[in-house]
Undergrad: 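Could you have a look at this structure, given as structure tokens, before my questions?
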Amino acid sequence: QVQLVESGGGLVQPGGSLRLSCAASGSIFSINDMGWYRQAPGKQRELVAAITSGGRINYADSVRGRFTISRDNAKNAVFLDMNSLKPEDTAVYYCNAVILTSTNLRYLGVWGQGTLVTVSS
């Protein structure tokens with residue numbers, strides 16, 4: 001069994017910054033892609049940023065230049081540094097990872113529980 005636990009959400013003023021963290025735990029052999037998604041009220045969940053095990057990165061156009069994704073493979077963790085936040089960045093942010101489990105060597109797509117980011121004055 002594997003799980004992702006996120007932290008770092010909260011209320012921030014427009015133009016401010018936040019750092020989201022996500023750590024994987026459990027029966028992990030290795031982790032492939034890791035990423036952050038978000039879902040605003042009344043909207044579909046969308047990709048924010050993703051990073052492969054080799055460090056290749058992809059950003060949504062709406063956050064490129066403002067957000068930075070990184071990962072610490074030794075700690076099975078992924079981070080999202082968010083700068084110049086805008087009210088339209090308000091959403092629940094979810095961590096996602098493709099994990100090769102050590103119990104049966106199968107790939108499993110895992111979601112975190114989500115953390116709320118509110119950008120408001």
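The figures here come from the full heavy-atom set of this structure, side chains too, leaving out hydrogens, waters and symmetry mates. All residue numbers refer to positions in the sequence shown, counting from 1.
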Undergrad: Hey, what do you get for OG1 (Thr101) to OH (Tyr107), rounding to the nearest 0.5 Å?
TA: 10.0 Å

Undergrad: Assigning hydrophobic clusters by single linkage (Ile, Leu, Val, Met, Phe, Trp, Tyr; side-chain heavy-atom cutoff under 4.5 Å), is Val98 placed with Val110?
TA: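 In one cluster: no.
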
Undergrad: Can you see which heavy atom on Asp81 is nearest to which on Arg19, and at what distance?
TA: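 Smallest interatomic distance, heavy atoms only, reads OD1-NE, 2.9 Å.
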
Undergrad: Side-chain heavy atoms nearer than 4.5 Å, only ILVMFWY residues, links allowed to pass through others: does that put Leu116 and Val119 together?
TA: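 Looking at the clustering, Val119 is in a separate group from Leu116.
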
Undergrad: Between the side chain of Thr115 and the main-chain N/O of Ser7, is any donor-acceptor distance below 3.5 Å?
TA: no

Undergrad: Please tell me whether Val92 and Val5 are part of a single hydrophobic cluster in this structure, the criterion being side-chain heavy atoms less than 4.5 Å apart.
TA: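 They do not share one cluster, since no chain of ILVMFWY contacts under 4.5 Å joins Val92 to Val5.
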
Undergrad: Pick one: which of Leu18, Val117, Leu20 meets side-chain contact (heavy atoms from CB on, under 4.5 Å) with Leu80?
TA: Leu20

Undergrad: Which distance, rounded to the nearest 0.5 Å, do you find between the CD1 of Ile57 and the OG1 of Thr52?
TA: 8.0 Å

Undergrad: Please identify each residue that fulfils side chain to side chain contact (heavy atoms under 4.5 Å, CB included) with Ser102, with sequence neighbours left out.
TA: Ser27, Phe29

Undergrad: Which heavy atom of Ser17 sits nearest to which heavy atom of Asn83, and what is that distance?
TA: OG-OD1, 2.8 Å

Undergrad: Going by heavy atoms in the side chains, are Ser21 and Lys75 under 4.5 Å from each other?
TA: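 No; the side chains remain at least 4.5 Å from each other.
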
Undergrad: If you count every heavy atom of other residues, nucleotides or ligands that lies below 6.0 Å from Gln1 atom CD, does the total exceed 12?
TA: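 At most 12 heavy atoms, drawn from other residues, nucleotides or ligands, come within 6.0 Å of this atom.
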
Undergrad: Which ring pair (Phe, Tyr, Trp, His ring centres under 6.0 Å) pairs, counting each pair once, include a residue from residues 66-95, with sequence neighbours left out?
TA: none

Undergrad: Applying ring-ring contact (aromatic ring centres under 6.0 Å, His included), can you list everything that pairs with Tyr37, at least two apart in sequence or on another chain?
TA: Trp111

Undergrad: Evaluate the side-chain proximity of Val78 to Ile31: yes if any heavy-atom separation is below 4.5 Å, no if none is.
TA: no

Undergrad: Pairing donors with acceptors under 3.5 angstrom, does anything connect the side chains of Arg71 and Asn73?
TA: yes

Undergrad: When you measure from the side chain of Glu6 to the backbone of Gly114, do you find a donor-acceptor pair of N or O atoms at a distance under 3.5 Å?
TA: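 Judged by distance alone, yes, a pair lies under 3.5 Å.
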
Undergrad: What I'd like to find out is whether the side chain of Val63 reaches to under 4.5 Å of the side chain of Arg38, using heavy atoms alone.
TA: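 Yes. Closest side-chain heavy atoms under 4.5 Å.
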
Undergrad: Quick check: closest heavy atoms across Met34 and Asn76, and the distance to 0.1 Å?
TA: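 Minimum heavy-atom separation between Met34 and Asn76: CE-O, 4.1 Å.
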
Undergrad: Taking side chain as C-beta onward, heavy atoms only, is Ser120 less than 4.5 Å from Leu11?
TA: yes

Undergrad: With a 4.0 Å cut-off, would you call Lys86 and Asp89 a salt bridge?
TA: no

Undergrad: Kindly work out whether a path of hydrophobic side-chain contacts (I/L/V/M/F/W/Y, heavy atoms less than 4.5 Å apart) joins Leu100 to Leu4.
TA: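 Per the 4.5 Å side-chain linkage, Leu100 and Leu4 are not co-clustered.
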
